[in-house]
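First up is the structure itself, then whatever we jot down about it.
Both ligands and their constituent atoms are indexed starting at 1 by order of listing.
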Amino acid sequence: MLIVMKAGATESEIQRVVDVIESIGFKAHPMPGAERTAIGITGNTGALDASPFADLPGVAECVRVTKPYKLVSREMRSERTVIRIDDAELGGDEFTIIAGVCAVESSAQTIATARVVAGMGCRFFRGGAFKPRTSPYAFQGLGEEGLRILAGVREEFGLKIVTEATDEPALDLVEKYADVIQIGTRNMQNFSLLRRAGQARKPVLLKRGMASTIEEFMLAAEYIMSEGNYQVILCERGVRTFADHTRFTLDLSLIPAIRRISHLPIIVDPSHSTGEREKVIPLARAGAAVGADGLLVDVHPNPERALCDGPQALLFDMFEEMVREVRAIAGIVRR
Ligand code: PEP
Ligand code: MN
């Protein structure tokens with residue numbers, strides 16, 4: 001259930017509703033909006049009776065939520081969620097490009113890439129210190145040393161750092177160093193990790209599971225939000241299909257489908273989906289055209305020597321070209 005407060009409801013009226021929700025053993029999630037505050041209720045397994053709330057002062061209406069997910073839904077929040085870190089923004093008016101290395105391999109490789117990313121006016125830098133690799137023999141990432149290199153990038157270029165936490169001990173570290181905690185496709189249904197990310201107080205970038213439905217994706221985001229972390233960014237990164245001309249099939253139809261049901265921002269990853277440099281720019285353009293809030297893109301100074309995902313990494317000049325093109329497209333389609 002969702003309690004919608006009147007436009008002029010006071011702080012103490014909101015607090016009273018929260019207290020009543022908690023007194024019957026449930027969790028209250030107040031979400032202030034531009035016009036009104038809505039308070040989501042979680043923790044109930046069956047339908048709730050509205051009578052304890054309906055007549056409280058300041059309450060406009062009690063809405064039964066029909067979908068299995070609540071906090072991620074448009075019913076909960078009619079305006080879009082914008083993630084703000086200092087003066088950097090995702091989900092607002094600007095189209096946000098998160099770019100960088102697949103894996104942090106060395107300080108020189110990371111700094112060289114960050115210089116180009118910052119030079120194009122981007123505000124977010126990606127780079128993995130903990131890598132989820134298919135093979136146990138593949139490069140697994142530099143761990144905390146990689147996080148320290150990323151912290152150096154923030155220091156030197158003012159870029160906000162997006163980096164993956166592959167498990168709970170990694171999340172403890174990532175939370176200390178990063179600005180945005182990434183949860184990868186293989187962990188989209190790692191429920192204990194999602195809950196742990198929900199306890200963090202930093203935005204979480206959640207990638208869609210490579211074989212998950214929209215409802216499973218929404219419920220994964222709901223895990224994070226149900227713990228009280230409402231700063232979630234969704235990412236479409238391709239799904240498994242019969243197609244063998246591409247690493248994964250980028251499901252661009254997800255973006256308008258998500259828009260209809262959720263207030264959360266959604267970005268597109270043309271790198272991990274295609275797996276191949278030549279396909280990245282066309283699909284980055286498509287991501288901007290379909291109305292995504294931004295992109296997540298791999299770039300590398302020397303892709304042929306990359307320790308991870310070299311074939312999909314853009315060369316610096318390709319990246320610069322891509323940024324110019326997607327900004328032009330986003331300028332046409334964005335709000
Ligand atoms: C990544 O972004 O580095 C990554 C491993 O992506 P995914 O989880 O989508 O495979
Ligand atoms: Mn990668």
Evaluation steps, side-chain contact (heavy atoms from CB on, under 4.5 Å), between I267 and T96: CA-CA 8 Å; I267 65 171; T96 303; 5.9 Å; no
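- Residue contacts with ligand 1 leave out M210, since none of its heavy atoms falls under 4.0 Å from the ligand.
- Close approach to G184 involves these atoms of ligand 1, each under 4.0 Å from a residue heavy atom: 8 (O).
- Put simply, the angle at the Mn ion (ligand 2) from NE2 in H272 to OD2 in D309 is close to 100°, to the nearest 10°.
- Counting all heavy atoms, side chain and backbone alike, D179 lies closest to L159 at OD2-O, 4.2 Å.
- Scanning both residues, I181 and A200, for their nearest heavy atoms gives CD1-CB, 3.7 Å.
- Heavy-atom proximity to R237, at under 4.0 Å, picks out these atoms of ligand 1: 7 (P), 9 (O), 10 (O).
- In terms of polar-atom proximity, defined here as any N/O pair under 3.5 Å, Q182 does make such a contact with ligand 1.
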Test salt bridge (charged side-chain N to carboxylate O under 4.0 Å, His left out) applied to D293 and R259, step by step: CA-CA 11 Å; D293 293 296; R259 285 278 183 245; 3.0 Å; yes
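- Summarising the geometry, atom CD belonging to E144 is positioned 6.0 Å from atom NZ belonging to K176; distances are rounded to the nearest 0.5 Å.
- In this structure, atom 6 (O) of ligand 1 lies nearest to the protein heavy atom K207 NZ, 2.9 Å.
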Worked verdict on R277 versus L314 for side-chain contact (heavy atoms from CB on, under 4.5 Å): CA-CA 6 Å; R277 182 172 311 119; L314 294 179; 4.1 Å; yes
Audit row: I39, F53, side-chain contact (heavy atoms from CB on, under 4.5 Å) steps and yes/no: CA-CA 11 Å; I39 306 169; F53 320 106; over 6 Å; no
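- The Mn ion (ligand 2) does not have C308 among its coordinating residues (no N/O/S atom, backbone or side chain, under 2.8 Å).
- Annotation: E164 places no N or O atom under 3.5 Å from an N or O atom of ligand 1; distance criterion only.
- Scanning all protein heavy atoms for the shortest distance to atom 8 (O) of ligand 1 gives T185 N, 2.9 Å.
- Given atom 4 (C) of ligand 1, the protein heavy atom at minimum distance is H272 NE2, 3.5 Å.
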